[in-house]
Student: 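Okay, handing you the structure first.
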Amino acid sequence: MNPLVKQDAEHCFHPFSNYSELNAKGARMIERAQGIYIYDDAGREILDAMSGLWCTNMGYSCEPLINAATEQMKKLPYYNLFFQSTHPPAAELSTLLAEVTPEGLNHVFFTGSGSECNDTVIRMVRYYWNAKGKADKKTIISRRNAYHGSTIAGASLGGMVPMHQQTGCIVPDIVHIDQPNTFGDCSAEEREKLGLERAQQLELAIKKLGEDNVAAFIAEPIQGAGGVIIPPDSYWPEIQRICDKYEILLIADEVICGFGRTGEWFASDTYNIKPDLLCMAKGITSGYLPLGGVMVADEVAEVLKATDSEFTHGFTYSGHPVACAVAIANIKEMQRQDIVTKVREEIAPYLAEKWAELAEHPLVGEARSKGMVAALELVQDKTTNQRYDKSLEIGAKCRDYCIEAGLVMRAVGDTMIIAPPLIITKEEIDLLVSRAKKALDTTLNSL
Ligand SMILES: *Cc1c(COP(=O)(O)O)cnc(C)c1O
């Protein structure tokens, strides 16, 4: 065993891991990366169809990002935005973000991560309603199976049952409704009907709680970690109508969907959502450095600006200058390559076409995609979509066979998901799909 893997097993706790199981076999050691490929300690090349954790949108070797970090490190490696200070990268990035995010979002609160964005959102929403003299508007409605991060607030907003059960210390005044998951919940014909029904659960929840008690609704435009749940077209317009009708703030958690993932700069553009707050992280720096931010709509920003009290919130690394410099370089490189247009018009349609071919495979009950996220549902019987017995852990098996075939594809139960870098080429999509098919074959043969 690589001695560093042994050291890792002895001293390093990994996120979301079963320690006895992981340490028995040792973690996979990734030593370097190039383009869309990562390389392990045996020098094996693996196509990273997950963009790290949904973040290396511009790939692993984007020179302008590396240069921006180096130069900023030399000039001003750290300063903060507390105590009436700022610095050029924060000022420039906030202006650039106002430009690329949806219309009406012109202010940003910087954080260090997606989880911190969602902590910020809880505090900001309550501060806003207090300032408007509606202190009772406190409850935030979220969705089951949502992922909003791993801090106490993020886990509370999220709808991941194992996370709720484990911590036992959940933020009050958060309520969850169902997600618009069509696979297994309804037939293809009933898709739009289910979308409406799931959206209307929001209205029922508001009526039950009383609209004077509800502060906001938070959702990922496409649920990511929950298994790439792509909403029916009927879903978001109905959510928007309900939020408008009852004066509920709409929070779009675009930590995954932002920065080109869905073929627009933001999924709020893709689905015509008008968020009051919009959370960003991951792709904002293509993952090169940790950074997050909450975009704030003009109407909310005006209220925050008009209070005569202090918003008692912020992080040591809110608007870290090196992270901001990398985000600026990332956005400018995306613009220079016109990557969002390229994804929308060329790469995402190609991925959709090739991915759909996997639906022919005997193990696959559904192959779906939107922009640069996609999923496969593994089933025992294609005609009835009957799942395999859970104890077989068919998704985890398939994930391991993917690695053997030179592909990172993630398993969420028996749902296989990908979110490849936006810079992936058509030839690389062919390679991705052929490796996925090989892993599906191996999985089937192993049964
Ligand atoms: C990853 C993720 C988060 C949490 O971001 P961290 O940077 O890991 O704290 C929040 N929301 C969504 C939708 C995510 O995918």
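Indexing begins at 1, ligand by ligand and atom by atom, following the structure's order.
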Student: Among residues at least two apart in sequence or on other chains, which ones pass side chain to side chain contact (heavy atoms under 4.5 Å, CB included) with Glu45?
Tutor: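 With neighbours one apart ignored, the set is Tyr37, Tyr39, Arg435.
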Student: Ring centroids only, cut at 6.0 angstrom: are His313 and Tyr127 within range, meaning strictly under it?
Tutor: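 Judged by ring-centre distance (under 6.0 Å), His313 and Tyr127 do not meet the cut-off.
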Student: Without swapping roles, check the side chain of Trp236 against the backbone of Pro221 for a donor-acceptor pair under 3.5 Å.
Tutor: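 Yes; judged by distance alone, with no hydrogens or angles, the pair exists.
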Student: Any salt bridge between Glu211 and Lys134, counting N to O under 4.0 Å?
Tutor: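 Looking at Glu211 and Lys134, the cut-off is not met.
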Student: Among all residues two or more places apart in sequence or in another chain, which pass the side chain to side chain contact (heavy atoms under 4.5 Å, CB included) test with Ile30?
Tutor: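 Ile30: side chain to side chain contact (heavy atoms under 4.5 Å, CB included) contacts with Arg28, Ile38, Asp40.
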Student: Taking only residues two or more places apart in sequence or in another chain, which ones pass side chain to side chain contact (heavy atoms under 4.5 Å, CB included) with Thr101?
Tutor: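 Side chain to side chain contact (heavy atoms under 4.5 Å, CB included) list for Thr101, sorted by chain: Leu105, Phe266, Met280, Met295.
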Student: Under a strict 4.0 Å criterion on non-hydrogen atoms, which protein residues are in contact with ligand 1?
Tutor: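 Residue list for ligand 1: Ser113, Gly114, Ser115, Asn118, Tyr147, His148, Gly149, Glu220, Asp253, Val255, Ile256, Lys282.
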